[in-house]
Amino acid sequence: MATPLSKPKLAANLSMIFPEVEFLDRFAAAAAVGFRAVEYLFPYAYAKTEIRARLDSWGLEQVLFNAPPGDFENGERGVAGLPGREDEFRKSIELALDYAATLRCPRIHVMAGLVPLAGDPRRHREVYVENLSWAAGQARNGSVDLMIEPLNAKDFPGYLIGTPQAARSVIEEVGARNIKLQYDFYHAQMTHGRLLDTFAAEQDLIGHVQIAGVPGRNEPDDSQEINYRAVFAGLETMGYGGWIGCEYRPRGETVAGFAWAAPYGIGPKGKRQG
Ligand SMILES: O=C(O)C(=O)[C@H](O)CO
Ligand SMILES: [Mg+2]
């Protein structure tokens, strides 16, 4: 029997899909195929008013972006857990919150950073907890949730937070209601599998979800390992009503690859969802 059709709230990740068009034109491209919400990595190369204008023009909700990650081009993946970078971290959060206010974005992913081979993970974790405690207080005034996302060790060797359990441990130690877990099914499958079980175990902390196919991080379709029809049905059964970020690299032209999303109203004839 076919899995009952769920109605996942899909958000377009504009850092990954529509690579064939300029970033600021991706908002129109997402709206044209039926998305009502967008997320991306870093908006800082653009004036926040430029982005706000596109969200308004195309009736899009901004659901997530990342705090500045340090020197991303040279391999840094966050500074929140890097000893000695505390001042830079605080300035990065102030900038991210300034963008979040204009973009009316309720979630910011705060990347933890990489632990060097000679580094002490305990010290890095200590710094991450201290920085997140400070940042949670800053974000609370603007009703912003700060997200922690476990990243898989194959793509992100040395990343400070590799499992949902490690994320939970940090969140519980920080003890702030606005620090939440970002559950990316791509990283979860690359790291541990048992996707819906681990989702259920951490659901009380989960504030955002992302998806992609495994192993290619391409379209989340039947050519890849994860059965997303079953995942969406499971999320619906568990009462997850949040956004699901489509954070995948299209194999070819983005719109040609939306067959997987057609049942959810996304595609060349996309009808606005919800
Ligand atoms: O890589 C991912 O899955 C993310 O969502 C991070 O925000 C960027 O690396
Ligand atoms: Mg992700």
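Start at 1 and go down the list; that is how both ligands and their atoms are numbered.
In this structure, R77 satisfies the cation-pi test against F72, with its NZ or CZ atom closer than 6.0 Å to the six-membered ring centre and inside 45 degrees of the ring normal.
Here F89 pairs with nothing under the ring pair (Phe, Tyr, Trp, His ring centres under 6.0 Å) rule; sequence neighbours left out. Here Y99 pairs with nothing under the side chain to side chain donor-acceptor pair (under 3.5 Å) rule; sequence neighbours left out. In this structure Q182 satisfies the side chain to side chain donor-acceptor pair (under 3.5 Å) test together with E149, Q210, sequence neighbours excluded.
Ligand 1 does not have R77 within reach: every non-hydrogen atom of the residue lies 4.0 Å or more from it. Y186 does not count as a contact of ligand 1, since none of its heavy atoms falls under 4.0 Å from the ligand. M16 does not count as a contact of ligand 1, since none of its heavy atoms falls under 4.0 Å from the ligand.
The existence of a salt bridge linking K180 and D204 is excluded, since no basic side-chain nitrogen approaches an acidic carboxylate oxygen closer than 4.0 Å. No salt bridge links K91 with D87; every basic N to acidic carboxylate O contact stays at or beyond 4.0 Å. Salt-bridge check for R54 with E50: passed, with a basic side-chain N closer than 4.0 Å to an acidic carboxylate O.
F23 has its ring centre no less than 6.0 Å from the ring centre of F18. Taking the six-membered ring for Trp and the full ring otherwise, F185 and Y183 have centroids separated by under 6.0 Å.
In summary, the atoms of ligand 1 found under 4.0 Å from a heavy atom of Q182, numbered by their order in the structure, are 5 (O). For ligand 1, the atoms lying closer than 4.0 Å to a non-hydrogen atom of H109 are 6 (C), 7 (O).
For atom 8 (C) of ligand 1, the closest non-hydrogen atom of the protein is L41 CD2, 3.5 Å. Of all protein heavy atoms, the one lying nearest to atom 6 (C) of ligand 1 is E149 OE1, 3.3 Å.
Around the Mg ion (ligand 2), the protein contributes the following N, O or S atoms at distances under 2.8 Å: E149 OE2, D184 OD2, Q210 OE1, E247 OE1.
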Decide yes or no on ring-ring contact (aromatic ring centres under 6.0 Å, His included) for Y186 and Y248, but give the supporting numbers first. CA-CA 9 Å; Y186 167 75; Y248 66 87; over 10 Å; no
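For R217, every heavy-atom contact with ligand 1 shorter than 4.0 Å involves the side chain, none the backbone.
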